[in-house]
Amino acid sequence: MAGVSSAEFFERGRKRLRFDVPKALLDPDVIPSSGDSGTDRMLEIIAREQPIRPAAVLIPVVDRPEPTVLLTQRAPNLSSHAGQIAFPGGKIDVTDASPLDAALREAEEEVGLDRSFVDPIGYLDVYGTAFGFRILPTVARVQPGFTLEINAGEVDDAFEVPLAFLMDPANHQVHSKEFRGMERSYYAMPFAERYIWGATAGILRVLYERIYLS
């Protein structure tokens with residue numbers, strides 16, 4: 001998918017994405033579909049065993065001549081997913097007006113991304129994880145010129161990866177591991193010294209499928 005332009009990407013996004021909140025974000029009886037039978041079975045088990053944990057993340061696509069995606073590396077001292085590559089985001093608080101509001105708030109708190117630079121485009125589908133999180137990603141156009149302020153308590157670093165690299169299926173590696181006797185697959189997209197995998201890579205794959213295959 002070399003040569004992905006900002007104009008093409010955002011035009012496709014505005015045609016394909018909406019701000020309707022999917023039922024799977026809050027309803028434990030609605031299991032998010034991953035497209036992988038082992039992962040889907042895992043999500044069914046998790047939904048029965050523990051309460052769902054609604055979360056929101058921002059997919060900040062920076063509108064540069066060669067567009068990029070802003071990602072974070074989580075702080076090494078966090079209790080979960082320490083040191084992993086992630087989107088800005090976190091759990092949805094009761095004070096958040098919407099999942100979009102939660103994603104914008106978290107991006108401000110984690111990396112200081114001022115929401116005046118952010119033009120939200122729409123939601124992807126809900127993404128379920130093995131920890132019971134139901135993640136609703138918001139795709140957004142980010143105007144260049146912003147200044148970041150890293151919250152060291154949550155984030156170790158913030159960096160940009162070319163959108164063309166992330167939207168190229170040749171870079172979407174598929175790995176697998178066992179979960180309670182079942183094989184489940186997951187995506188990985190190594191970029192330079194950064195190892196993008198798990199939910200972050202999975203959501204990027206969903207973004208690719210929604211924008212370029214649907």
Side-chain angles (χ1 to χ4, degrees), residues 1 4-22 24-25 32 54-74 84-93 95-127 133-151 154-155 157-168 189 191 194 196 199-214:
M1 195 61 63
V4 174
S5 70
S6 293
E8 177 192 11
F9 178 85
F10 295 125
E11 180 182 4
R12 286 172 176 256
R14 294 187 195 282
K15 288 180 178 178
R16 290 164 171 77
L17 304 179
R18 298 290 183 271
F19 282 105
D20 301 323
V21 178
L25 182 66
V57 299
L58 190 69
I59 304 179
V61 182
V62 186
D63 194 1
R64 303 193 187 282
E66 294 185 5
T68 62
V69 176
L70 176 66
L71 295 171
T72 71
Q73 182 154 7
R74 289 168 59 83
Q84 292 188 8
I85 305 301
F87 297 108
K91 70 182 184 70
I92 300 174
D93 292 341
T95 54
D96 292 319
S98 66
L100 167 60
D101 189 55
L104 293 173
R105 174 183 56 76
E106 286 282 352
E108 286 183 320
E109 292 176 358
E110 290 183 354
V111 297
L113 180 61
D114 191 312
R115 66 179 67 196
S116 66
F117 287 87
V118 182
D119 175 20
I121 292 175
Y123 296 136
L124 289 180
D125 295 328
V126 173
Y127 190 93
F133 283 105
R134 302 282 184 93
I135 304 171
L136 185 58
T138 298
V139 181
R141 172 188 173 273
V142 177
Q143 177 183 343
F146 56 86
T147 300
L148 298 182
E149 185 174 343
I150 303 299
N151 179 349
E154 298 186 55
V155 172
D157 192 16
F159 60 97
E160 297 178 32
V161 178
L163 179 67
F165 175 88
L166 297 171
M167 294 295 101
D168 187 344
M189 303 174 186
F191 178 75
R194 312 284 187 176
I196 306 167
T200 303
I203 290 171
L204 286 166
R205 175 67 188 194
V206 171
L207 177 64
Y208 162 72
E209 293 177 350
R210 188 70 175 272
I211 298 298
Y212 293 101
L213 298 185
S214 63

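Worth knowing before you read on, the calculation uses all heavy atoms, side chains too, and leaves out hydrogens, waters and symmetry mates.
In this structure, Leu166 CG and Leu71 CG are separated by 6.5 Å, a value rounded to the nearest 0.5 Å. The OH atom of Tyr123 sits 14.0 Å away from the CZ atom of Arg18 when rounded to the nearest 0.5 Å. Taking CZ from Arg205 and CD1 from Ile203, the interatomic distance works out to 14.5 Å, rounded to the nearest 0.5 Å. Atom CD1 of residue Ile211 and atom CD of residue Glu8 lie 10.0 Å apart, to the nearest 0.5 angstrom. Between Leu213 atom CG and Tyr208 atom OH the span is 4.0 Å, to the nearest 0.5 Å. Annotation: the span from Met189 atom CE to Thr200 atom OG1 amounts to 9.5 Å, rounded to 0.5 Å.
Heavy-atom minimum distance, Leu58 versus Ala103: N-CB, 4.0 Å. Here the closest heavy-atom approach between residue Pro144 and residue Asp63 is recorded as CG-O, 3.4 Å. For the pair Ile92 and Ala102, the tightest heavy-atom approach, listed with the atom from each and the gap, is CG1-CB, 4.0 Å. Contact detail for Pro88 and Leu70: the closest heavy-atom pair is CD-O, 4.0 Å.
Considering only heavy atoms from C-beta on, Arg105 comes within 4.5 Å of Asp96 through its side chain. Under the 4.5 Å side-chain criterion, counting only non-hydrogen atoms from C-beta, Val61 is not in contact with Ile121. With a 4.5 Å cut-off on side-chain heavy atoms, Phe117 and Pro60 do not count as touching. Looking only at side-chain heavy atoms (C-beta outward), Val161 and Thr68 stay at 4.5 Å or farther from each other. Side-chain contact between Leu207 and Tyr212: absent, with no pair of heavy atoms (C-beta onward) separated by less than 4.5 Å.
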Candidate pair Glu106 and Lys91, rule salt bridge (Lys or Arg N to Asp or Glu O under 4.0 Å), full reasoning: CA-CA 9 Å; Glu106 286 282 352; Lys91 70 182 184 70; over 6 Å; no
Criterion side-chain contact (heavy atoms from CB on, under 4.5 Å) on Arg194 and Gln73, from CA distance to verdict: CA-CA 9 Å; Arg194 312 284 187 176; Gln73 182 154 7; 2.7 Å; yes
Salt bridge (Lys or Arg N to Asp or Glu O under 4.0 Å) evaluation trace for Glu108 with Arg115: CA-CA 7 Å; Glu108 286 183 320; Arg115 66 179 67 196; 3.2 Å; yes
Criterion side-chain contact (heavy atoms from CB on, under 4.5 Å) on Val62 and Leu163, from CA distance to verdict: CA-CA 9 Å; Val62 186; Leu163 179 67; over 6 Å; no
side-chain contact (heavy atoms from CB on, under 4.5 Å) between Glu160 and Val69, worked out: CA-CA 5 Å; Glu160 297 178 32; Val69 176; over 6 Å; no
Chi angles and distances behind the side-chain contact (heavy atoms from CB on, under 4.5 Å) call for Leu204, Phe87: CA-CA 10 Å; Leu204 286 166; Phe87 297 108; 3.7 Å; yes
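No side-chain donor-acceptor contact under 3.5 Å links Asp93 to the backbone of Thr95. Distance alone, capped at 3.5 Å, places no donor-acceptor pair between the Asp168 side chain and the Phe165 backbone. With hydrogens and angles ignored, the 3.5 Å screen pairs no side-chain donor or acceptor of Thr72 with any backbone N or O of Val155.
For Glu209, the CD atom counts as densely surrounded, since its 6.0 Å shell holds more than 12 non-hydrogen atoms of other residues, nucleotides or ligands.
With respect to the salt-bridge test (charged N to carboxylate O, under 4.0 angstrom), the residues Asp119 and Arg14 qualify.
Shown are Leu17, Val139, Leu100; of these, the side chain to side chain contact (heavy atoms under 4.5 Å, CB included) with Pro120 is made only by Leu100. Applying side chain to side chain contact (heavy atoms under 4.5 Å, CB included) to Leu136 and the options Pro99, Ser98, Pro54, Pro32 leaves one that passes, Pro99.
Under a cutoff of 6.0 Å and an axis angle of 45°, Arg134 and Tyr127 do not form a cation-pi pair.
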